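Values in this document were obtained by computation on a predicted structure and should not be read as measured data.
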Amino acid sequence: MPIERQILLLEDDLIQTMLFRAAVDGVLGTVMNFTDVSDAFTIMQRSRIDLCVVDLGIFTHPGVFHEEGGNRFITQVRRDVSRTTPIIVATSGRKPESLIASFRAGADDYVLKDEGLNKVIDRIRIWISELPIQEHQLDAKRARILKFLENAQKNKLDLPE
C-alpha cells in the first residue's frame with residue numbers, strides 16, 4: 001500500500017487553489033492549503049509534510065501581503081524545520097532574478113504558473129517518486145538550477161516556456 005503523501009500548498013489565489021486541490025488532493029497526496037506564511041509555517045513545525053508548493057507573492061500574516069513572502073517561508077523552513085522536504089516554487093514571473101533568491105533561500109525546483117496545472121502535477125509526481133531525498137541530493141539539484149538561473153540573468157534572458 002503506497003504512503004499517503006502530505007502536500008503543503010502556500011497560495012492565496014482561490015481559483016488556483018481550487019484547481020490544484022481538484023487535480024492533486026487524493027490522487028498524489030493530501031493537500032493542505034494555506035494563504036499566509038504564518039499558518040503554513042506552524043503546520044510545518046507540527047506535521048509531517050512531504051512536499052511544499054509555494055507562491056512567492058503571498059501573505060506573511062493574515063492581511064499582510066509581501067512580494068517575497070514565499071521566500072520568507074522557504075528560509076524559515078530550511079532554518080528551523082527541514083533541510084530535506086522538497087520545496088517547489090510556483091510563480092508567474094519569468095525573470096531569473098525573481099527565482100535566484102528562492103533557490104538561495106532553499107527552494108528545490110520551480111514551475112511557471114502559465115505553463116499550466118499539468119506541468120505542476122508532473123513536477124510533483126517526479127518529486128514524490130524520489131522521496132525520501134537526501135540533503136546532499138537536494139543541495140546538488142539546487143546548485144544546478146541556481147547556476148542555470150544565474151547564467152540566464154547574466155545573459156539577460158527570460159525563462160523559457
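In this structure, Arg46 has no salt bridge (charged side-chain N to carboxylate O under 4.0 Å, His left out) partners at least two apart in sequence or on a different chain. For Glu68, the side-chain hydrogen bond (donor to acceptor under 3.5 Å, both in side chains) test picks out Asn71, with sequence neighbours left out. Annotation: side-chain hydrogen bond (donor to acceptor under 3.5 Å, both in side chains) contacts of Asp139 (sequence neighbours excluded): Arg142. Applying the side-chain contact (heavy atoms from CB on, under 4.5 Å) test to Arg72 and every residue at least two apart in sequence or in another chain returns Thr60, His66. With sequence neighbours left out, Arg144 forms a side-chain contact (heavy atoms from CB on, under 4.5 Å) with Ala140, Lys141. The side-chain contact (heavy atoms from CB on, under 4.5 Å) test applied to Gln16 returns Glu11, Asp13, Lys113, not counting sequence neighbours. Residues passing the ring pair (Phe, Tyr, Trp, His ring centres under 6.0 Å) test with Phe59, sequence neighbours excluded: Phe65. Contacts of Ala22 classified as side-chain contact (heavy atoms from CB on, under 4.5 Å), with partners at least two apart in sequence or in another chain: none. With sequence neighbours excluded, the residues forming a salt bridge (charged side-chain N to carboxylate O under 4.0 Å, His left out) with Arg123 are Asp109, listed by chain and number.
Taken to the nearest 0.5 Å, the CG atom of Asp50 stands 10.0 Å off from the OG1 atom of Thr84. Atom NZ in Lys95 sits 10.5 Å away from atom NZ in Lys156 (nearest 0.5 Å). Interatomic distance, Phe73 CZ to Ser102 OG, rounded to the nearest 0.5 Å: 12.5 Å. A distance of 12.0 Å separates NE2 of His61 from OG1 of Thr35, quoted to the nearest 0.5 Å. With values rounded to the nearest 0.5 angstrom, Leu99 atom CG is found 10.5 Å from Gln153 atom CD. Expressed to the nearest 0.5 Å, how far OG of Ser82 lies from CZ of Arg48 amounts to 12.0 Å.
Transitive grouping of hydrophobic side chains (ILVMFWY, heavy atoms separated by less than 4.5 Å) keeps Ile126 and Val54 in distinct clusters. When hydrophobic clusters are built by joining Ile, Leu, Val, Met, Phe, Trp and Tyr residues whose side-chain heavy atoms come closer than 4.5 Å, directly or via intermediates, Val64 is not grouped with Leu10.
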Please list, one pair per line, the donor and acceptor atoms closer than 3.5 Å that link side chains of residues 37-45 to other protein atoms, with sequence neighbours excluded.
unit_1, atom_1, unit_2, atom_2, d
Thr42, OG1, Ser38, O, 3.0

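Taking 4.5 Å as the limit, some side-chain heavy atom of Arg104 sits within range of a side-chain heavy atom of Leu146. Contact of the Ile145 side chain with the Tyr110 side chain is registered, since non-hydrogen atoms from C-beta on lie closer than 4.5 Å.
Ala105 and Thr75 get closest at one heavy-atom pair: CB-OG1, 3.3 Å. The heavy-atom pair separating Ala107 from Val89 by the smallest distance is CB-CG2, 3.7 Å.
Side-chain contacts under 4.5 Å among hydrophobic residues (ILVMFWY), followed directly or transitively, place Leu14 together with Met18. The hydrophobic cluster around Val53 extends to Ile7, Leu9, Ile15, Leu19, Phe20, Val24, Val27, Leu28, Val31, Leu51, Ile88, Val111, Leu117, Val120, Ile121, Ile124, Trp127, Ile128, Leu131, Ile133, Leu138, counting ILVMFWY residues whose side-chain heavy atoms fall within less than 4.5 Å of a member.
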So Asp108 and Arg78, salt bridge (charged side-chain N to carboxylate O under 4.0 Å, His left out) or not? Walk me through it. CA-CA 11 Å; Asp108 301 299; Arg78 290 298 183 229; 2.5 Å; yes
For a side chain to side chain contact (heavy atoms under 4.5 Å, CB included) check, start with the C-alpha distance between Thr85 and Cys52, then their side-chain angles and the critical distance, and finish with the verdict. CA-CA 7 Å; Thr85 301; Cys52 298; 4.2 Å; yes
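Not a single donor-acceptor pair under 3.5 Å links the side chain of Arg83 to the backbone N or O of Glu135.
Side chains of Glu4 and Thr30: a donor-acceptor N/O pair is present below 3.5 angstrom, by distance only.
At most 12 non-hydrogen atoms from other residues, nucleotides or ligands lie less than 6.0 angstrom from CD of Glu67.
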